[in-house]
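Heads up: the structure comes next, in structure tokens.
Numbering of residues begins at 1 and proceeds along the displayed sequence. Heavy atoms only: backbone and side chains are in, while hydrogens, waters and symmetry mates are out. Everything numeric in this text was worked out from a predicted model, so none of it was measured.
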Amino acid sequence: MEPIQLTQYVVDAFTDTVFRGNPAAVCVLSAPLPSALMQSIAKENNLSETAFVVKSQNRLQLRWFTPGGEIDLCGHATLASAFVLLNTCQNKAQQVTFFTKSGELTVKRKNDLYEMDFPAYSLQPVAVTDQMVRAIGAVPETAYLGRDLLCVFKNADTVRTLRPDLDALKQLDGLLLHATALSDKPEFDCISRSFAPKLQVAEDPVCGSGHCHIIPYWSQQLKKADLTAYQASARGGVLYCHMQQSRVLLAGKAALYCRGELFVPNPAGME
């Protein structure tokens with residue numbers, strides 16, 4: 001059977017410059033693919049996220065796959081998917097709504113920003129344990145658990161210089177680890193880094209779903225709804241955030257890196 005040909009974009013999210021921010025692959029499909037095939041494509045791409053968008057019953061279904069498995073919420077790949085749709089397939093539209101495992105997610109174009117309306121995670125305080133300290137390589141002031149583990153540090157330099165033991169991180173609670181502190185630069189409110197070895201991603205360059213933990217915490221601590229966040233990975237990225245009750249509005253820029261064609265095994269019935 002001949003392989004099928006799929007169009008794939010790679011978009012750098014939370015930046016307006018290629019080679020920065022967080023790269024996501026986006027496949028816009030005419031029909032659903034089997035989950036196993038989407039997982040294989042994500043592994044082959046070896047990016048922190050590959051997004052698959054398919055129109056089904058007049059709705060846009062969106063799923064996200066890491067090299068280590070499907071995930072229930074991803075910010076940068078949602079931003080990348082919206083960027084692709086609003087600048088190619090629906091280039092006269094100002095917003096797009098995706099149906100996902102985390103419910104309806106709307107992305108609005110606002111000048112050169114793309115603003116995503118995401119659910120905020122509820123955070124429960126947890127003890128800072130010796131196991132946690134050994135895995136991270138530094139002592140958090142406090143720790144919280146939502147979907148992911150959020151660890152708060154005293155200063156930004158500690159976050160910038162973290163070199164965690166990735167194998168040891170796999171033994172901690174939470175899907176990802178987010179390390180955060182107040183920013184020491186006036187243009188930002190907070191700084192963070194995100195690690196996802198359970199998903200075969202050592203460090204996620206800029207994590208949107210992580211800020212569904214980070215922004216609720218800092219919004220409460222700083223008593224403000226509008227925050228500008230910096231993710232201090234090697235690539236770096238900026239998120240413009242607004243806390244709105246149980247939702248977090250995350251806005252960022254995006255840059256198209258490439259568009260290419262994939263040749264993958266043909267599932268039965270696809271053309």
Side-chain angles (χ1 to χ4, degrees), residues 1-14 18-19 21-91 96-105 107 114 116 147 166 170 175-176 194-209 235 254-271:
M1 187 178 293
E2 290 293 320
I4 57 170
Q5 189 171 340
L6 306 175
T7 300
Q8 178 174 271
Y9 302 80
V10 176
V11 176
D12 291 337
F14 298 116
V18 294
F19 308 131
N22 199 354
V26 179
C27 292
V28 181
L29 307 174
S30 59
L33 293 178
S35 296
L37 179 54
M38 289 190 283
Q39 184 62 65
S40 294
I41 293 170
K43 284 184 177 181
E44 189 76 6
N45 285 334
N46 201 32
L47 297 172
S48 61
E49 215 78 42
T50 298
F52 297 89
V53 182
V54 60
K55 189 171 184 180
S56 176
Q57 298 178 344
N58 295 318
R59 305 199 312 178
L60 289 170
Q61 305 285 348
L62 175 62
R63 294 172 71 180
W64 313 276
F65 287 79
T66 74
E70 188 173 8
I71 197 168
D72 64 343
L73 184 64
C74 176
H76 84 281
T78 302
L79 192 161
S81 298
F83 175 88
V84 168
L85 290 174
L86 294 176
N87 289 284
T88 57
C89 315
Q90 303 179 25
N91 56 9
V96 61
T97 299
F98 297 112
F99 292 82
T100 76
K101 288 193 171 186
S102 290
E104 292 185 25
L105 302 178
V107 186
Y114 297 84
M116 303 178 289
R147 181 196 70 179
L166 297 178
K170 295 177 184 178
L175 186 62
L176 286 78
S194 299
F195 303 91
K198 293 178 183 178
L199 298 170
Q200 298 181 26
V201 176
E203 180 169 2
D204 195 21
V206 192
C207 186
S209 63
R235 294 176 63 100
L256 178 64
Y257 172 59
C258 71
R259 170 181 170 170
E261 303 300 325
L262 306 184
F263 298 86
V264 300
N266 191 346
M270 281 202 70
E271 298 182 358

Does [X] reach the side chain of [Y], with side-chain heavy atoms less than 4.5 Å apart?
X      : Y      : answer
Leu60  : Leu62  : no
Asp204 : Thr66  : no
Leu29  : Leu6   : yes
Leu33  : Val264 : no
Leu262 : Pro3   : no
Val26  : Leu85  : no
Met116 : Leu105 : no
Cys27  : Met38  : no

>> Between Arg147 and Ser209, is there a side-chain donor-acceptor contact under 3.5 Å, judged purely by atom types and distance?
In response: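 Indeed, the side chains of Ser209 and Arg147 share at least one donor-acceptor pair under 3.5 Å.
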
>> Could you check whether Thr78 and Trp64, counting side-chain N and O atoms only, form a donor-acceptor pair closer than 3.5 Å?
In response: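 Checked: Trp64/Thr78 side chains pair up, N/O donor to acceptor below 3.5 Å.
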
>> List the residues meeting salt bridge (charged side-chain N to carboxylate O under 4.0 Å, His left out) with Glu44, not counting sequence neighbours, and say none if there are none.
In response: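 Testing Glu44 for salt bridge (charged side-chain N to carboxylate O under 4.0 Å, His left out), a comparison that skips the adjacent residues, returns none.
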
>> Using modelled atom types and a 3.5 Å cut-off, is there a donor and acceptor pairing between side-chain atoms of Arg259 and backbone atoms of Tyr9?
In response: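 No, because the side chain of Arg259 does not come within donor-acceptor range (under 3.5 Å) of the backbone of Tyr9.
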
> Any donor and acceptor pair, going by atom type alone, linking the side chain of Gln39 with main-chain N or O of Pro67 inside 3.5 Å?
Replying inline: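 Side chain of Gln39 to backbone of Pro67, a donor-acceptor pair under 3.5 Å: yes, one is there.
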
>> Would Thr7 and Glu261 count as a side-chain contact (heavy atoms from CB on, under 4.5 Å) here? Give the steps.
In response: CA-CA 5 Å; Thr7 300; Glu261 303 300 325; 3.3 Å; yes

Closest contact, heavy atoms only, [X] versus [Y]:
X      : Y      : answer
Ala82  : Val107 : CB-CG1, 3.5 Å
Ser30  : Val54  : C-CG2, 4.2 Å
Pro267 : Pro265 : CD-O, 3.1 Å
Thr50  : Ala42  : OG1-CA, 3.6 Å
Asn45  : Gln8   : ND2-OE1, 3.0 Å
Ile71  : Glu49  : CG2-OE2, 3.1 Å

Reported [atom1]-to-[atom2] distance for the pair [X] and [Y], which is rounded to 0.5 angstrom:
X      : Y      : atom1 : atom2 : answer
Cys207 : Leu176 : SG    : CG    : 5.5 Å
Lys170 : Gln200 : NZ    : CD    : 7.5 Å
Arg235 : Glu203 : CZ    : CD    : 11.5 Å

>> Take a 6.0 Å sphere around CD of Glu2 and say whether it holds more than 12 heavy atoms from other residues, nucleotides or ligands.
In response: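 Open.
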
> Looking at residues at least two apart in the chain, or sitting in another chain, which of them share a ring pair (Phe, Tyr, Trp, His ring centres under 6.0 Å) with Phe83?
Replying inline: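 If we apply the ring pair (Phe, Tyr, Trp, His ring centres under 6.0 Å) test to Phe83, skipping adjacent residues, the hits are Tyr114.
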
>> Which residues pass the ring pair (Phe, Tyr, Trp, His ring centres under 6.0 Å) test with Phe19, not counting sequence neighbours?
In response: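 If we apply the ring pair (Phe, Tyr, Trp, His ring centres under 6.0 Å) test to Phe19, skipping adjacent residues, the hits are Tyr257.
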
